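Step one of this worksheet: look at the structure below.
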Amino acid sequence: MTPEQVPADLDELIFIATTDIAARTKGRAMRRADFDERSSLGWVPANLGIGSLGHIVTDIPYGSTGDLRLKPDLTSLARVDGIPGRPPLNIVFADLVNTDGTPWESCPRTFLRDAVEQLRSEFGLTVRSSFEHEFVDVSATGDHHPFSLQAFRRAEPIGSQLMTVLHRAGLEPENWLPEYGRHQYEITVAPTDPLNAADRAILVRDIVYDIFEAHDREASFAPVVSPGETGNGVHVHFGLDDLAGDTLVFDPSRPGRLSELAGSFAAGIVRHGPAMAALMAPLATSYLRLAPHNWSSACSFLGLQNREALLRICPTNELDGRDPRRQLHFEFRGGDIGANPWILLGMILRAGMQGLREQLTTPEIVVGELDLDGRHAGLAKLPRNLEEALDVMKRDAVVTGWFSPAFLATYEAIKRDEFASVQARSLTEQCEVYTRVY
Ligand code: GLU
Ligand code: MG
């Protein structure tokens, strides 16, 4: 939305936001009255070195010198109103630029912006995408029956408020549901262009936190809130369109109804899935979730409507003669809350483009239940822990080639530090640490 479309009381504040390696929303605020299209605020490169545990790690390329600007992208401006006891929040997402206005080499939002531009200029493609979020009401006690009306009602008035706040902020909420896990809920929003979709993902989380806190409750999106519990995923849905907005995914004559182009795109993602793990599932406890039989993913494969697939071909709704053509799309199921949404979607698009560039053939489409001990034993496994994931990432020159060397060095330093510090604790304590952060 443009500033004119977002009328606000000029005494309100506007938060100029970025989201970092730890996927935390950060930034600075100014008076809305002082904000215009030329506004930008200062930022520090070393802030990128703050990991999930909240401190700047040592041995990163960014030190005590250097300056950046948070340059707002006015199309991302939103006004979040209706959270009990809190003033309206004006928020705009910023690209990180050098002080001369050139893009900063390690800006996570520019990482997605560039991927979208590459898709357009190199392949004539656009993407529609949306992020689905699962989380747990960790302050809830007592029974939770999966998907039940009672669980839905227990979360009131939070659920109703959440849907209203999201709607009024322009985020187009679709579904709010009690999920399978204990006190677990899910919120989905409508698809839109990739930058907007990732911006929405960031806002959804912060709005959920805000509303729960306003009710003296606590929500956590941590991949697993305690060992053995159902995981919280961040599922990324996407389809591929031509520049006129017509779908390029659907071809009913081929397996899975996937066009040759969509098959190549999927092949790139499946091939680079294991190397992307360190960035899509970047917490020590992410690997408690990425295990077999969790309805998340332990192997990198393409599955027809299979919830254990890293990349799932979603079903279409053909009730009352609805047309499946525009509906057919993918769901990437490997991500969790630790992944920066701009980087997560940017990687999915870049891996897909690599498949197109090399004209890879459609990977095996797993149909029916997964048989890991039998006919699917040969599927590529995802790493089993964060340390292994970092090693696998470093061996994949395509994946590392997407990032600036300084970004990669910072990322690795943060994640090795985090792994070393949480690894010494019990699994229960590890889950507790991340449940507090996320
Ligand atoms: N909770 C599962 C996950 O960790 C997903 C369940 C579902 O398919 O919605 O990703
Ligand atoms: Mg779900």
Side-chain angles (χ1 to χ4, degrees), residues 23 129-138 140 144-148 151-152 155 159 162-163 173-191 201 204-205 208 219-238 269 273 276-277 279-317 329-339 341 344-345 348 366 368-370 382-386 389 427 430-431 434-435 438:
S129 175
S130 69
F131 287 60
E132 272 176 17
H133 285 91
E134 294 170 332
F135 63 91
V136 169
D137 176 357
V138 286
H144 173 100
H145 196 84
F147 314 119
S148 66
F152 164 77
L162 177 62
M163 293 296 269
E174 283 192 332
N175 285 197
W176 160 246
L177 53 134
E179 249 283 8
Y180 179 76
R182 218 151 67 89
H183 309 303
Q184 189 184 39
Y185 293 88
E186 174 168 326
I187 180 83
T188 70
V189 296
V204 162
R205 313 166 175 192
V208 167
S220 177
F221 296 77
V224 177
V225 296
S226 70
E229 293 286 1
T230 305
N232 292 312
V234 173
H235 303 163
V236 184
H237 291 253
F238 65 95
I269 294 170
M276 294 195 289
L279 293 128
M280 73 192 183
L283 310 178
T285 54
S286 297
Y287 297 85
L288 298 179
R289 174 179 162 261
L290 289 183
H293 316 302
N294 270 357
W295 285 24
S296 74
S297 200
C299 296
S300 191
F301 71 96
L302 176 64
L304 184 66
Q305 300 164 18
N306 187 317
R307 291 182 181 79
E308 299 224 26
L310 180 66
L311 194 63
R312 170 178 179 244
I313 306 170
C314 292
T316 51
N317 169 5
H329 72 278
F330 295 109
E331 178 187 33
F332 183 87
R333 296 176 58 86
D336 68 45
I337 197 69
L344 178 57
L345 183 51
I348 294 169
V366 171
E369 291 302 315
L370 199 57
L382 291 175
R384 282 157 309 173
N385 62 54
L386 180 56
L427 284 184
Q430 292 183 26
C431 290
Y434 287 118
T435 298
Y438 294 104

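From a predicted model like this one, the values you see are computed outputs, not experimental measurements. Both ligands and their constituent atoms are indexed starting at 1 by order of listing. FYI, side chains are in, hydrogens and waters are out, and symmetry mates aren't considered; it's all heavy atoms of this structure.
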- Message: If I compare all heavy atoms of Phe238 with all of His329, which pair ends up nearest, and what's the gap?
- Response: O-CB, 3.3 Å
- Any atoms of ligand 1 less than 4.0 Å from a non-hydrogen atom of Arg289? List them with their elements. 3 (C), 4 (O), 10 (O)
- Taking the side chain as C-beta and beyond, is there a heavy-atom pair between His133 and Val208 under 4.5 Å? no
- Query: Just heavy atoms, cut-off under 4.0 Å: does Glu132 contact ligand 1 by side chain, backbone, both, or neither?
  - Reply: neither
- Message: Applying side chain to side chain donor-acceptor pair (under 3.5 Å), can you list everything that pairs with Asn232, at least two apart in sequence or on another chain?
- Response: Gln184
- Taking Tyr434 for its side chain and Val224 for its backbone only, find out whether a donor-acceptor pair lies under 3.5 Å. no
- Query: Any side-chain heavy atom of Tyr438 sitting closer than 4.5 Å to one from Asp336?
  - Reply: no
- Message: Give the atom numbers and elements of ligand 1 that come within less than 4.0 Å of a heavy atom of His235.
- Response: 3 (C), 5 (C), 7 (C), 9 (O), 10 (O)
- Task: Could you list which atoms of ligand 1 come closer than 4.0 Å to a heavy atom of Gly233?
- Result: 3 (C), 4 (O), 10 (O)
- Note on the structure: of all protein heavy atoms, closest to atom 6 (C) of ligand 1 is Glu134 OE2, 3.3 Å
- Near the Mg ion (ligand 2) (protein N/O/S, cut-off 2.8 Å, waters excluded) we have Glu134 OE2, Glu179 OE2, Glu186 OE1
- Where ligand 1 meets Glu179 - atom numbers and elements under 4.0 angstrom, heavy-atom basis: 7 (C), 9 (O)
- Query: Ile348 versus Phe330: any side-chain heavy-atom pair under 4.5 Å?
  - Reply: no
- Task: Answer yes or no: is there a side-chain heavy-atom contact under 4.5 Å between Arg312 and Asn306?
- Result: no
- What is the minimum heavy-atom distance between Pro173 and Met163, and which atoms define it? CG-O, 3.5 Å
- protein heavy-atom neighbour closest to atom 8 (O) of ligand 1 works out as Arg333 NH2, 2.9 Å
- Item | Heavy-atom check, side chain of Glu134 versus side chain of His235, under 4.5 Å | yes
